[in-house]
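Working notes, beginning with the structure itself.
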Amino acid sequence: MQPLLEVRSLRTHFELGDGVVKAVDGVSLSVPRGRTLAVVGESGCGKSVTARSILRLVEKPARIVGGEILLHPDSDGEPLDLLAAKDKRLRQVRWADIAMVFQEPMASLSLVHTIGDQIIEAVRLHENVGKQAARERAIEMLGRVGIPDPQRRVDSYPFQFSGGMRQRAMIAMALSCRPRLLIADEPTTALDVTTQAQILDLLQDLQQEFGMAIMLITHDLGVAAQVADEVAVMYLGEVVEQGPASAVLSHPKHPYTQALVRSVPRLGARGQDRLVAVRGTVPPPYERPTGCRFHPRCDAFMAGKCDVTVPTRVRSDEIDVACLLYGEEKS
Amino acid sequence: MTLLETRGLTMHFPLHGGFLGRNRGFVKAVDGVDLSIKAGRTLGLVGESGCGKTTLGRCIVRAYEPTSGSIMFDGVDLAPLSEKQLKPYRAQVRLIFQDPHSSLDPRKTLRDIIAEPLRVQESGSRDEIDDKVAALLRRVGLRAEYAHRYPHAFSGGERQRVVIARALATEPRLVVADEAVSALDVSVRAQILNLLRDLQEESGLTYLFVSHDLGIVEHVADDVAVMYVGKLVESASTEELYSKPLHPYTEALLSAVPDPDPASRGQRERIKLLGEIADPSKVPAGCPFHPRCGYAEARCATEVPQLREIGGRKVACHLAEQLDLKGVLTATTAP
C-alpha cells in the first residue's frame, strides 16, 4: 500500500551571515497510513525543521531549497507535492489533511481568545458548518481529549489550563477537522512522566478512533519504543535508518543508532556499571564531515571509505540503513 | 557514616496579594522533610515538577534560609547559621545547576569561572590558582589550554563539564546536582553520568541527585527518596524501591516511565493517575495523594499518613502493609 506521506531528499537550509547551515540535508522518509512514525535524534539533527518543512512552516532565514513532499490521496490518484502546491491549496491541506501540535502549547495558542473560539475558527475555516455546530464540535473534542467539564471549559482561556490540559486542548484543536496526519513535535517533553503517559495513551486512543497517521518527533527513545510502529533515526540533517520500531530499537543496524540505544539506561536493568557514551560531540553546524557524517564518532569507522564515500540507503532485513557496512557501496 | 541529615526541614513561601500586599497564605514547597545521606553515596530525589525537590536541594546548599527544621552536616546544623558562619561550609557543599547555557557568565574565561569559588575562599596565589584550574579542567576531561577561552566556544556537554569543575574547585564533600543532565542530549548525558561516577570513586564525593528522570536515577543512585507536594512519601535503597515500591505514588511513577525496549510494550501494566499534582498552596486534607490514588480508602481523606519505618525502609501510606504494589521488571537485558 502507498504510504500516506513521502518525503524525498528534502533540504532546508538556514542562510545566515556566516554561512549556510544545512539543518535538513537530504531527508527521505515515509509515513505509513494510520500508523505512528517516530522521528528520533539529538538536538540539532533537523527533526523539528523536517516536521515544519512538511507544512512549509519555515521562516527566514530558513529556506526549503529542494526535495519533494508527496501527500497521497486516500483512493488511487496523483499525489500532491506540498512543496510545489500553491499557497491557497496548502492552506486547505493544513488542519484538514495535516495538523500539527508543538512542544510548548502556549506558543501556538492565542492568549486573548478562549480555547473554544480558537477551535471554532479552525473548524469553520475548513468546513462549511454553522457557529453552533462548530461550538458543539469543540465541546465534543475537548471532552474526547479528557478535559473535565468541557461545556464550561470551552470558554476558558489558555492561561487557566495547566500544562497537561493545554497540551490536551492543542490536540483537540489539531484533531477538530479530522486530519489524516497529525505531526506532533515533542508533545510531551515539557510534561511530567505521569502526564506524559496520559497524553501518549490519549494519542494512541485517538489514533484508533479516527484512524489518522501520527508523525511523532521525539528525542526520547523510551517514548518512541512505547508508541511507534516505525522509527526513523536522524543525524546531522539526514535519516540514517528507518524501519519497524521493534527492529530499529532492539537490533539497530546503523552504528549511530546502536550507540544511542546503548547510552540510555534501561529501567529495571541495574548493575550496568557504566553507560556506553557516543564518542565526541556533534560537530559544529558549518562543518559537516565528508563522506558519512557520523564517521568521526563511529566505532566501526573504515579509513579511506567512510570519510570519502557518501553512503546510500540500502535495505538490510526490514530496515533501510545508510551505512557502508551494509550492502553494495556506490561512490 | 551519615554526612547529611535533615529533620523536619520546612520551606514555606508567603503568598502576597490583594490590598497592601497582605499575606494570603503559604506555598508549602517543602514541608517537614527528614532525609539522610551516607558519606560517599548517592541519594536520588525524585518527583513531579512542583513537588519541592529543587527547593529542598536549595535549602540544603543554603541558597534559601529554611522556615524551620535542621540540616545537620557533619555534626553541625546549617539551618540557623548566618552568612558569615556559613562560609566554611559553602566550600564543602556545592550545587550543580541544570542549564549549562545560563549558569556560566559569558563574559568570563573558564579560568575565572572555575577560580571564582577559590577567590571567595581566599585560597592560594595566582600561580597556585592557575595550576589548580588546569588540574580541574583535566579532571573533568577538558584540556588545560581551554582555561583562557569563553563559554560560548563550547558545546552543552563541555559546558556542563565546566560547571562540574567549578563545583569541585573547593574540594566539596557534598554535591547537590539539580537536574544536572536533563538539558543534555542522550549521547552526551551518558558521558557526564560516567564522569560524575568516576569523580565519586576518585574522591569519595557524596551526591544528592535531584531529577525527574527515574531511569537515570535508577542508574546513578544508591538510595532513592520520593517527594510529593512538599513531603517525602517513600525512601529506600534503589533496588528495593524499584523492584517493590511501597507507596502507590512510587508505583504510578515507575509505571509511567517509557521503557526504551520495544519488546516491553504492552507487557507492563500502566497505572493511570487521575488529574495532576496538587497545588502546594492548597494541599488536600489527609494524604496529599489521595485524590489521585487508586487504592484510597475513607481514612486517607482525613488522616495525614506519617512517614514510618517498615522493614528498614520508610513510607508514608496508611495501606503500605496491605498493598502488593508492582515495581519494574528486572529480567530483560540490553541488546
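Quick caveat, the model's predicted, so the values are computed rather than measured.
Judged by distance alone, with hydrogens and angles left aside, the side-chain atoms of B:E48 form no donor-acceptor pair with the main-chain N or O of A:L191 at under 3.5 Å. Checking side-chain atoms of B:Q191 against main-chain N and O of A:V278 turns up a donor-acceptor pair under 3.5 Å. Here the side chain of B:D185 pairs a donor or acceptor atom with the backbone of A:S43 at under 3.5 angstrom.
In terms of heavy-atom proximity, A:A245 sits nearest to B:P262 at O-CG, 3.8 Å. Between A:L275 and B:H219 the shortest heavy-atom distance is CG-NE2, 3.4 Å. Here the closest heavy-atom approach between residue B:P258 and residue A:V223 is recorded as CB-N, 3.7 Å. Between B:V188 and A:E42, the shortest heavy-atom contact is N-OE2, 4.4 Å. Considering all non-hydrogen atoms of both residues, B:D259 and A:Q226 come closest at O-NE2, 2.8 Å.
Atom OG of A:S263 and atom CG of B:N194 lie 10.0 Å apart (nearest 0.5 Å).
For B:K244, the NZ atom sits in a packed shell: over 12 heavy atoms of surrounding residues, nucleotides or ligands are nearer than 6.0 Å.
A:V261 is not listed as a side-chain neighbour of B:P260, based on a closest heavy-atom distance of 4.5 Å or more.
Highest contact tally toward chain B, considering only A:A225, A:A224, A:G280, A:A277, is held by A:A225 [criterion: heavy-atom pairs under 4.5 Å]. Counting heavy-atom pairs closer than 4.5 Å to chain A, the top-ranked of the candidates B:L214, B:I216, B:D198 is B:D198.
For chain B, no part of A:V231 is nearby; none of its heavy atoms comes within less than 4.5 Å.
Taking non-hydrogen atoms and a 4.5 Å limit, the residue list of residues 248-257 of chain B in contact with chain A, ordered by number, reads B:L253, B:L254, B:A256, B:V257.
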